[in-house]
Amino acid sequence: MNDKTEIDIILPCYNPPPGWEQKVIGKFKEIQSLFSPIDFHLLIVSDGSRRGYEPETVAALEQGIPGIQIIDYRPNRGKGYALRKAVQQTRSEYIIYTDYDFPYTDDSFKEVINSLLKGADIVVATRDRNYQKNLPPFRRFLSESSHLCNAIFLRLKIRDTQGGLKGFNQTGKTVFLSTKVNSFLFDTEFIYKGQQKKINIQAVQSRIRDGLTVSDMGFNVLKREMANFLSILFSK
């Protein structure tokens with residue numbers, strides 16, 4: 001019988017760049033070695049990708065990470081939909097999702113794991129002020145505005161809901177699968193629903209790894225997410 005703690009890691013990965021699979025393999029093995037008392041299982045979601053999942057790429061992933069699950073469907077539906085699709089297929093007691101380039105430091109990952117093992121239902125990695133300073137000006141404005149809206153309109157205790165590293169147990173899984181938003185604001189909806197249900201939500205300070213850049217956001221995306229925010233605000 002396996003008495004080890006088991007954690008499923010989910011990576012949504014849409015239209016990844018060439019060579020991405022080797023980076024995922026390397027980082028996943030690093031995570032395994034750093035947290036050797038834990039059994040990790042990896043799920044990758046293609047979300048209707050048009051490239052990046054050629055047969056040789058999939059073969060390399062399957063050889064480098066035995067037991068990996070690659071989930072695909074058509075058409076592209078958005079990050080929230082992709083993660084729900086993967087969460088439905090998880091089997092471990094704990095679940096962590098992040099981005100395929102593992103943007104957070106190992107210490108940040110460790111803090112999320114420790115909080116889960118100590119009994120948190122949902123763990124949210126919140127980003128430090130250096131992250132805000134390095135954002136493009138418009139993206140920084142949107143980020144600060146979202147924090148304000150989360151506090152004023154949704155009355156969230158954790159304002160930074162959009163960081164790409166979160167973990168949860170089976171109680172949190174039930175909440176996550178109840179979300180409806182398919183695109184970026186699924187994170188906010190997740191935390192909002194969890195707070196409404198008065199479950200144990202913990203925030204941990206996190207840091208982005210050096211050298212990573214953050215893309216800007218287009219106006220069409222902004223309009224869509226504003227509509228999603230209203231749908232969360234007026235949901236029952």
Distance-minimising heavy-atom pair for [X] and [Y]:
X	Y	answer
I68	L61	CG2-O, 3.9 Å
Q170	S92	NE2-O, 3.0 Å
L116	Y94	O-CE2, 3.7 Å
C13	Y53	O-OH, 2.6 Å
S36	K4	O-NZ, 3.2 Å
I122	G194	CD1-CA, 4.4 Å

[Y] and [X], any side-chain heavy atoms less than 4.5 Å apart:
X	Y	answer
V112	K166	no
N114	V204	no
L83	F190	no
K173	F176	no
F168	D121	no
P16	S49	yes
L185	F229	yes
R127	S206	yes

Presence of salt bridge, D106 and K27, under 4.0 angstrom: yes
Sidechain-backbone polar pair: [X] side chain, [Y] backbone, donor-acceptor under 3.5 Å:
X	Y	value
N15	R50	yes
Q202	A120	no
N76	D47	yes
D99	D101	no
N169	G119	no
R91	D8	no
D72	G48	yes
T90	A86	no
E54	G52	yes
S115	E111	yes

How long is the span from the [atom1] atom in [X] to the [atom2] atom in [Y], to the nearest 0.5 Å?
X	Y	atom1	atom2	value
F102	R209	CZ	CZ	9.0 Å
I9	H41	CD1	NE2	10.0 Å
F186	Q162	CZ	CD	7.5 Å
T161	I201	OG1	CD1	11.0 Å
T5	L117	OG1	CG	5.5 Å
I113	I96	CD1	CD1	4.5 Å

CA sep, side-chain torsions, deciding dist, call: Q205, T126, side chain to side chain contact (heavy atoms under 4.5 Å, CB included): CA-CA 5 Å; Q205 284 291 320; T126 58; 3.5 Å; yes
Using a cut-off of 6.0 Å, state whether more than 12 heavy atoms not belonging to [X] lie near its atom [atom1].
X	atom1	result
R84	CZ	yes
Y73	OH	yes
R155	CZ	no
Q63	CD	no

Verdict with supporting geometry, K180 and S231, side chain to side chain contact (heavy atoms under 4.5 Å, CB included): CA-CA 9 Å; K180 304 296 182 185; S231 74; over 6 Å; no
Geometric class of the F35/F109 ring pair [parallel <30°, tilted 30-60°, perpendicular >60°]: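 Correct class here is tilted.
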Pair Y14-K79, side chain to side chain contact (heavy atoms under 4.5 Å, CB included): steps then yes or no: CA-CA 9 Å; Y14 175 65; K79 189 174 181 180; over 6 Å; no
Criterion side chain to side chain contact (heavy atoms under 4.5 Å, CB included) on W20 and T57, from CA distance to verdict: CA-CA 9 Å; W20 71 280; T57 300; 3.7 Å; yes
